[in-house]
Amino acid sequence: MFEARLVQSSILKKVLEAIKDLLNEATFDCSDSGIQLQAMDNSHVSLVSMNLRSDGFDKYRCDRNISMGMNLGSMTKILKCAANEDVVTMKAQDNADTVTFVFESPNQEKVSDYEMKLMNLDQEHLGIPETEYACVVRLPAGEFARICRDLSQFGESVVISCTKEGVKFSSAGDIGSANIKLAQTSNVDKEELAVTVEMQEPVTLTFASRYLNSFTKATSLSNVVQLSMSPDVPLVVEYRIGEIGHIRYYLAPKIEDEDNN
Amino acid sequence: MDVQSVKLYLQNIEEYVMDEDKIVTYKWLSKNLGIHVNTAKQLLYTFATEQKINVNLTYLVGGVLCDGTGCKVQIVREEDLEKAKAEFKALTSEHVYSVQKAKILPDLGVLYAVDCHKRDENEDGKRLSAITCSHSVLRPQEEIGRLRLKARAATSTRDAKRWPTGHAPSKKTAEAHSNSEVASTDGSKGKNGTKKKELNTGIAAMFAAQTCKTKQGGPNEKPKAAENSSDKPKTSSGITMFFNRQTEKPIKPSVSAPKDSPSSGLSPKDSHGNEVDASCASEKLKEKQEGNSNKKGKVSSNVKNSSIKNTEQKWGGGKGKRVNTDEKLLPAKKRKRIVVVSDSEDSSDDDVFGRDGGDAPDMPPLPEVAPHHESDTDDVIPPTPEAELKRGRKRVRKMKDKTYVDEDGYILTCKEYVFESCTDSEVEQEKENEKKLSKGNCEQFETKKSESVKPVSKEPPAKKKASPQKTKQATLMNFFKKSI
């Protein structure tokens with residue numbers, strides 16, 4: 001028996017918004033410690049890793065580990081049936097092929113439940129090693145979304161270079177080139193508005209802007225986004241999900257092409 | 001035909017339709033496989049019955065219209081078949097016209113394009129026709145020469161009188177042609193005998209027929225002609241009046257028209273063309289002698305004209321355009337016209353009366369045939385006959401090697417199909433090219449007009465542009481290993 005009750009259904013809605021751009025379906029791995037989700041997009045260029053800790057839920061019960069393969073499009077449809085202030089409860093039997101979403105209005109006057117069929121999905125878990133990143137940049141999530149959106153107009157690639165002074169995003173294409181430099185905020189009044197760079201060594205990497213744009217769909221989850229980079233390893237874009245977890249996106253960098261083509 | 005060859009043919013059709021995604025018309029099939037048109041129709045029908053679900057059909061239906069306005073031959077989509085049949089009082093012909101995989105044929109005009117190449121390449125297609133005539137033989141050269149002389153004299157006189165502008169004569173001949181078609185269909189249907197004679201003498205026969213219509217009208221005209229005549233009168237055209245006047249006016253063969261002679265001299269080698277001119281001339285002479293005459297024959301010709309018109313309207317705008325362009329052409333056209341005549345006989349006549357059977361009927365001698373005559377009251381201009389339409393689209397398709405130097409300095413040779421069109425407008429050529437290219441065919445077609453060579457691909461520069469940073473997207477699998 002699995003049951004997880006979340007007071008704010010809006011969190012679940014936002015999580016789904018944040019991943020449905022990249023993934024069509026995903027497996028939610030439920031265990032005693034919480035709910036995890038890890039999945040790559042179809043092109044295997046980016047990976048979504050989400051974690052919702054069990055203690056973040058109003059009520060959480062997971063008798064035995066279960067993996068629920070869900071069609072995210074269907075799940076989105078169901079979650080749209082919930083009002084933002086509704087309390088949502090996910091329920092599943094141990095070997096069930098369906099999951100039930102129960103939405104309760106705050107005053108308990110309205111209770112709706114939706115049952116969704118589960119899917120059998122190939123498990124493709126990647127082992128992600130713990131890495132010390134050479135650069136870790138924190139910046140307002142809205143700012144990052146804005147930068148990605150603006151630069152994607154210029155080219156399909158965005159170069160992120162991180163130095164002591166700050167971080168520079170640049171892109172070039174048919175219409176010209178664009179550079180956006182963010183300097184470290186000197187005195188931090190509000191943490192969520194600050195730009196901070198923790199750097200061991202300068203890093204410059206190139207990424208596909210369309211994936212970055214997909215990542216920024218998680219902007220509503222958090223005020224701050226954290227970018228972690230090391231030379232020749234995937235970029236990590238991390239958003240915190242309230243107090244209960246996080247969502248991390250991994251994006252493989254573009255590498256120099258030997259063919260020069 | 002034995003079972004085995006039928007099977008083989010059916011396999012062929014399946015290949016054409018299913019694998020090569022062709023539109024297979026019975027005409028195309030007949031010429032392509034060298035089988036009789038009736039066999040081709042039967043094969044298509046068999047194939048269509050077997051593959052009912054997978055293919056789409058068009059039917060050709062022809063017959064006498066319910067509303068009494070004449071005859072009509074029409075090509076209809078399968079789904080419209082019943083509706084179209086309802087328009088006819090009596091059906092004379094109904095058979096599968098084409099089979100294709102495309103579920104929806106956007107425009108029936110494309111069917112025409114299917115046939116036109118074959119037509120050009122395969123001029124002796126007559127032997128596969130359902131209508132045969134043992135009397136239809138090529139005239140010896142000397143006779144043609146003689147007739148040509150006469151024709152030149154006759155046409156020049158007449159043209160000088162009636163049409164000061166250069167293109168009028170072609171109109172006239174076109175008219176004559178349409179008449180001839182009428183005559184032949186009527187003949188094959190009602191009296192097979194008449195047909196033979198007409199074939200033999202070509203256009204001349206038609207003119208002669210007009211003049212002697214009255215003479216023979218009663219016995220020859222058949223019940224069909226009579227029946228049609230009641231329906232017809234309205235459809236007769238203003239142009240037909242010209243013919244009547246011609247017959248009335250005495251022709252002075254001795255008067256030479258310097259203006260016309262060059263044009264007729266344009267095609268000394270074309271025996272067909274010569275025949276036409278010659279026949280015209282001889283016909284006119286006959287007209288002179290016999291003077292104006294029958295009104296009976298007119299009816300049938302009118303019927304024919306209207307039916308042709310109807311058919312053409314059904315075929316859509318494309319054809320109409322062609323007609324217009326053709327009409328603007330110079331008198332030199334004449335020489336091709338005959339070729340078309342024979343072809344149309346093969347096709348359109350066959351279409352209408354294909355059910356009548358393949359046996360060639362005995363035909364009465366030429367003068368008796370004479371089914372057509374124009375009436376003075378005709379107001380409707382008959383459509384340009386198919387012959388002209390076909391002529392406009394003459395094309396030659398050749399495989400040519402094109403060698404050119406690449407941007408990188410490589411010499412590339414590519415085999416291309418060059419599609420040369422003799423008289424088509426640019427627009428049509430371009431359309432044709434687009435069609436071909438969109439098919440995903442890797443062959444490149446060039447119009448004669450734009451002889452420039454198109455390189456196969458210019459991708460390298462485009463690529464560079466797309467990724468100015470010269471980077472390649474790596475996948476996450478390069479960085480992370482799968483865990484168990």
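By convention in this document, chain letters (A, B, ...) are assigned in the order of the sequence lines, proteins followed by strands, and residues within each chain are numbered from 1.
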Nearest-0.5 Å distance, OG1 of residue B:Thr475 to CG of residue A:Asp41:
10.0 Å

Heavy atoms of B:Leu476 and A:Leu251 approach each other most closely as CD2-C, 4.3 Å

Does CG belonging to B:Asp19 count more than 12 external heavy atoms closer than 6.0 Å?
yes

If I measure from the heavy atoms of chain A, does B:Phe479 come under 4.5 Å with its side chain, its backbone, both, or neither?
side chain

Does CZ belonging to A:Arg53 count more than 12 external heavy atoms closer than 6.0 Å?
yes

Over all atoms of both residues, closest heavy-atom pair of A:Ala252 and B:Ala474
CB-O, 3.2 Å

For A:Glu132, I'd like to know if atom CD has over 12 heavy atoms of other residues, nucleotides or ligands within 6.0 Å.
no

Heavy atoms of B:Phe480 and A:Gly127 approach each other most closely as CB-O, 3.8 Å

Hey, is CG on A:Asp32 packed in by over 12 heavy atoms from elsewhere, all under 6.0 Å?
no

Quick check: closest heavy atoms across B:Gln473 and A:Ala208, and the distance to 0.1 Å?
OE1-CB, 3.5 Å

Heavy atoms from other residues, nucleotides or ligands near CG of A:Asp232 exceed 12 (cutoff 6.0 Å)
no

